[in-house]
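Only one structure is covered here, and it is reproduced in the block below.
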Amino acid sequence: MHSAVIGLGSFLPPRRVTNEELSALLDTSPEWIESRTGIRTRHWATPGTATGDLAAEAGARAVKSGGLSPDDIDLLILATTTPDHPCPATAPDVASRLGLGPVAAYDISAVCSGFLYALATAHAHIVAGQATNVLVVGAETYSTILNPQDRTTRVIFGDGAGALVLTARQDARASRPGTLLATDLGSDGGQKDLIRIPAGGSRRPTTAEDPPEADRYFQMEGRAVFRQAVLRMSESARRVLARTGWITADVDHLVGHQANVRILTALADHLDIPAKRAVINVDRVGNTSAASIPLALAHAAEQGRFAPGDRVLLAAFGGGLTWASVALTWPDITPL
Ligand code: COA
């Protein structure tokens, strides 16, 4: 048994936030933001909109794009760092709102690598014969966890959601469009403090003490994260290429985690893949963490960049630390 992508959906909350708007509120400038990150705009949900709302929109579109009805889905996996509540998971609520019935549904937390962790897990469920059609969603509302005073994070992250439908397939000829060919997952908890929300979990419960306000928000060591992102994504991508039997020259499209345009350029350079084969949409959506890879796929597909059968290499990196890569051939689908 093998797995293949048959549907793709995405959703951005309508509110678009420009560098100019943020520069009026923080000690930064549009020039600094664009030159250091490549980001020009990002979308933020309006207060009251939660991750599950964005996930349900993208999920419904992916199911429709795959030509399926909600009844056909037998598992939902939602990757997010910003669940609707600390408890319970957000996935069961999204499954219920999509009318999937009493299917298995759970969240995966691997920060910006979350979507590829979820995709690899969906693939494993299918290969094990446990599921036929899996809805894999990455959705985030980072606007709810960013410190309004912190210029080092506030300008970088955006909200959004993307989703793929992965289906069971008997015939896995690599030439058959949509086939998922290999995965690679890894972590290094020794560097967990590079990306963190210090308070609010069981280590420092907000009920047991009164943590400094900044410790309730997302924090990161930007420079160290930058170096680790390039190193870990390129190592993981090389492992997945070896498993697929591709060399870097075979890769038609490199879809890296949309953290920073300089990270994406450095990743292509480390892998010896021409920069023009790297998909980039961080300029318009910022870093959307677990939603980053499916949003990049959706936007590139909408622009007509992918042809069925094209060889696509996905690579992600995030807090944990975590990293992940997936190789697949592009399916013959219309994203919604
Ligand atoms: N506006 C103006 N100055 C800013 C700024 C902002 N928004 N944010 C940071 N700075 C300042 C810093 O305070 C620092 O000042 P100092 O030298 O006086 O201390 C200076 O700019 C340079 O900071 P540095 O961290 O070296 O910049 P950088 O070139 O590494 O770019 C990031 C900063 C955050 C854009 C970059 O490190 C990055 O993208 N890292 C990865 C982040 C990421 O994607 N994380 C998500 C996890 S996958």
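Just so you know, ligand 1 is whichever comes first in the structure, and atom 1 is the first atom listed for that ligand.
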For this session: Scan Leu164, Val326, Val137 and name whichever one has a side chain to side chain contact (heavy atoms under 4.5 Å, CB included) with Phe115.
Result: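 Single side chain to side chain contact (heavy atoms under 4.5 Å, CB included) partner of Phe115 among Leu164, Val326, Val137: Leu164.
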Problem set entry | Test side chain to side chain contact (heavy atoms under 4.5 Å, CB included) applied to His123 and Ile126, Thr121, Leu119, Val127, the passing residue |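 With His123 as partner, Ile126, Thr121, Leu119, Val127 yield a single side chain to side chain contact (heavy atoms under 4.5 Å, CB included), made by Val127.
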Exercise. Out of curiosity, does Ile6 fall in the hydrophobic cluster containing Val103 (side-chain heavy atoms, cut-off under 4.5 Å, transitive links)?
Worked result: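 Cluster IDs for Val103 and Ile6 match.
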Seminar exercise, completed: Of Arg243, Arg238, Arg232, the one forming a salt bridge (Lys or Arg N to Asp or Glu O under 4.0 Å) with Asp184 is Arg243
For this session: Could you name each residue pair satisfying ring-ring contact (aromatic ring centres under 6.0 Å, His included) that touches residues 281-336, not counting sequence neighbours?
Result: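 Qualifying pairs, neighbours excluded: His253-Phe306, Phe306-Trp330.
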Exercise. Between His125 and Tyr106, how do the two ring planes meet: parallel, tilted or perpendicular, split at 30° and 60°?
Worked result: tilted
For this session: Could you please provide the protein residues found below 4.0 Å of ligand 1 on a heavy-atom basis, arranged by chain and number?
Result: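 Residue list for ligand 1: Asp27, Thr28, Trp32, Arg36, Thr37, Cys112, Arg151, Thr152, Val155, Ile156, Phe157, Ile195, Met220, Gly222, Arg223, Val225, Phe226, His257, Ala259, Asn260, Arg262, Ile263, Asn287, Phe317.
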